[in-house]
Amino acid sequence: MIADETCFSSHHARNSLPSFECWISFVEHAQQIDVTRQPPNRRWLGIGSMLLTAIVLLFPVQDDGVWWLLARGRQVVAGSLKPTAELLNAARQGEPDWLGGVLWWGVFQCLGTSGLMLLKLLLGTLTITLLLSSHRDERQTRRRCTVSTLTILMLFLIGTRDAWDCHPSANDCVCAAIMIKVINSATTQSIKRTAARVLLVSVLWANLGRLGLLSCLLASGISGHRDRRDDVPSSWLLIAASLFGVCMTPRGPMGLVDGCRRLWPFLFEGTGLLRATEWSPLWQQSMTLPTIAFMGLSCGAGISGMKTSFSARSWPTWLLCVGWGCSVTSLLPVLNVVLAAQWLSALSSFPTQKFDMNDSQTRSCGDNSDRCRTTRFTQASGALALTFGCLACLSGWERRPGWGLDARLDLGPVSQALSGITARGSVWCADLRAAGAIAWLSPNGLRVEDVAEHAWLEGRWREYAALNSDLRRGWRDAHRRVDGSIGGWWLPLTQRRVELVVASAEDAELIAALEPTIWKPLLLEGGVIPFAKAGDPGVTPQIMLMLRQREFVEQGPWRYSVADAQPESRVDFGELIGLRQDAEPTWRQARTLRAMNLHSAAMRVLDAGRATLVDRRLNDEWALCLVAQVHAEWLTTHTMSDDKRRALTTATTMKLSASVLEQVQNELNRPVEAAR
Amino acid sequence: MNPQSWSKARKPWLRASLTGLIALSMLGLSERASRPSRWGDLETHARSVPSDEQACQRCHQNIVKSFAQTGHRQTLNPATDPVLQQLFAGSKNEDRVPSKETFVVRDGRLLARSTAGHRELLVDWIFGSGRHARTPVSIWNQANRRLELLEHGVSWYPSTELAPTLGLEEGSTSGEGLHAMGVVHSNTAAENCFGCHTTDFPTSITGPDWKHVVTGVRCARCHHDTAQHLVAAERGAIAMERWSELTPLESVNRCGECHRRSDHFPADEIRPDNAQLLRFASVGLVQSRCFIQQSAIVGTRLDCVTCHDPHQPLDIDVTRSLQACRQCHGDTTATKSCSQASSTSNCLPCHMPKTPVQSALSFTNHWIQRHPKSL
């Protein structure tokens, strides 16, 4: 203890930052510190953490993979070691994270969608607790550290927001936090005991989460522990333990290969194929709160690292985390855990007792006025970030606060539509939401053909992506692709005995491409839209029913009600306090109808929506419907009527996204171009 | 060794630099793996399909020369060709065509006029080699830059000059404006049209890349491993897929990529009385007993190239076809001979009759059987 204080004092006397060795020495004697000297303000930290968790996580579950995860969990409970292989026609092998959905399924069975919400809050809180307990530092001062810690926690929660949404990454985040806790406690444990713990956590992580291989990074990077006896970094033993643990899944050592495909996807596929997938780089994704939070955590951890002299192993870890996060978007949640841990670690290692704002001795600043200003600046920045983050979450900028299951995941309509058919065979699902719906409902024993993630792991990604691309672009017949392979959706779907194609309701491109084909929709509303083959006697009654409904909504006395469209599967907090209703269901409905060439019906939806709601997406959809109607008129009359021209001109003055505005202007210039 | 000396010995800055380098490499690779491709989402390498005959001509000069005369090679032409323009502009469309569409050439451009519309429409492409027909096509971009195509209701035929386009006879084109001039195809159908009438039709989210469209069916369209063959040829090897090594069904299906494969149709549509199948020779052929039972006689083979030499212009001489029949139905073979005609007579009028599909056009029925009308 004396040596520790001497080290810090000497650095202070030299006006330099404490070195890595000081911190090592400090951690080793941490338990001997007199905690009564500067008690941490845990009460405020606890209350703040709870509040932040509620603010950031109290949103309806809306991850597209919810039903897929629950279906996998159900399959495991039914006695399967390879749940995905049994749910998919194309799958030949199992997955390492076979237990990933069991907990979620169990909670859902007991408590329904409220159970999912509770589990989401519970896991978030657990991870925060683990992170805080991993870096408990009795030197933390009251106000500054509380604000800073809360800022880190807020960024962490926002950064991992999507993971808690009933997503497999939630398991990764919790396991990563446990691993960090275990590794950090290595400084006070024997190396053998630590290795045993690392092994145990690695086994747990590999079987529950998708990124178990990251445990090796944590074992090698975070730990500052070394075996002093032979002066050889003991992390090699920890890495070996974690590697061994990762292999202890039903996939065995092949789990390592799966891990590599997830961690370094760009090494396994060529140009262009990862675009617009979860494996694409950060800068190709639209800017969302989680990506902003990741950048905030990266910068914060880096700057704190510079101020507190990150250890020789922490810098590589930080660099890898930032590089990884920028390269592969799907890794962001778990990397946020590591970055938050690093920042907390740096924060706790900073010798702040000299600048305690509550301390009467330092409140007057005295001769430390520069540092005092720095402290105030840090405090103010943290408070500002906290306020901004909370407001961004509560404002419903990206999501509306609420409880339950988002409307797009409501399986009521699709369940009803599929109950009336007798099709057998397999189902081609264009995305995970569609696959989850079919896997969970399993109508008539119909099985999903493939999902993106498993196609990726088993090396079918090119085939899967190509077929989806052909469906979207309307390539029915066989044709040569640029890469030399044979395209066209007709043959692959026939060979797979596909009886249904299922798409998400927002997937306007696919719905529009299927419109002129043999695939006919069995629904006009809902989160997922199933399409069945025309001419199949098993689905003909449902198709006929839809034809009548199409005519009714397009030409009949149909009226759309915004209030009726609000889903019953969730409670909208914004609506409860008197705010405007959610525009999402209205936008989705209009988009689906527009994709089905039911432009008048879509306009009815949008007119009703725009009368009561304010949302730019509604404007965009309205403009796109208008463009479609104007184009149809141009095809019919080879000219544009004055009222349509006025409407298009009005649209150019509205708040539209750039691409929609461009389309409006293109259509506005159409007759001039056509005259040529 | 104390911790400080250990850190110095291992040069932490070096470790951090190396890790930074790794992180940068990851960024670079991930950027490359997800970079939007000029050729669409599914490009693996920069243009692996050689679409020009220059490379083939070095060794296969005669084949390339004769192939240039085939209908396949000439199946798509720009409407700026003066010879083609005169075919349309110089022909009168009398009462045969409901839309009363006429064509004029102005400033080197072929324009279509219709009495139903008030504007002239530029013709961009002429589909078809002219052996059966040539159909004018106009294209434009939708507001979202996706391609849209008008298949004109009037085509040029060798026998009657201008006449209704197959499938767009009276009643098919209705309404006013562009709909009166033909059928408007969506982006989906338009890409399908070009897909078969070109060897390479690169498209991306911003629409077709017209500069790199390779018109007509060329070597690489049917010989899928042309690229590998060219690489091997540079090394002196001649590795190439041989057509004779394909099974008869694989061979027919290769042609069926454009002429339709039987598995492109629902089972209930494949029946002898379905007149739609007349257009699709490869579908009818594989339904024939001659095709299905060919393996019963050793040494015989029946597929498209048995009768049609793909490297030569279509031969109106039926000798080659009759030789194919006599593989099995000759005097010396054990297979049942024809009871209605001698073995030296022409089998085709009865078993593969030419069937008119409209006034200006007829197709040979490739579903080989005893056709009730002809017997």
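No experiment lies behind these values; they were computed from the predicted model shown. Chain naming here is simple, since letters A, B, ... match the order of the sequence lines and numbering starts at 1 in each.
Contacts between A:Trp324 and chain B at a heavy-atom distance below 4.5 Å involve backbone atoms as well as side-chain atoms. The contact between B:Glu148 and chain A is made entirely by side chain atoms (from C-beta outward), counting heavy-atom distances below 4.5 Å. At a 4.5 Å heavy-atom cutoff, B:Phe194 makes no contact with chain A through either its backbone or its side chain. Heavy atoms closer than 4.5 Å to chain B are found in the side chain of A:Trp490, but not in its backbone.
Between chain B and the residues A:Gln665, A:Lys533, A:His631, the most heavy-atom pairs under 4.5 angstrom are made by A:His631. For the set A:Ser327, A:Ser659, A:Gly323, A:Gly488, the entry with the most heavy-atom pairs within less than 4.5 Å of chain B is A:Ser327.
Scanning residues 491-499 of chain A against chain B with a 4.5 Å heavy-atom cutoff picks out A:Leu491, A:Thr494, ordered by number.
Judged by distance alone, the side chain of B:Asn192 and the main-chain N or O of A:Gly474 form a donor-acceptor pair under 3.5 Å. No donor-acceptor pair closer than 3.5 Å links the side chain of A:Trp634 to the backbone N or O of B:Leu178.
More than 12 heavy atoms of other residues, nucleotides or ligands shown are found within 6.0 angstrom of CD on B:Glu269.
Rounding to the nearest 0.5 Å gives a distance of 7.5 Å between CZ of A:Arg473 and CZ of B:Arg146.
Contact record, A:Glu667 with B:Ala143: OE1-CB, 3.4 Å, taken as the closest heavy-atom pair.
Taking A:Glu515 as the reference, A:Arg550 meet the salt bridge (Lys or Arg N to Asp or Glu O under 4.0 Å) condition, with sequence neighbours excluded.
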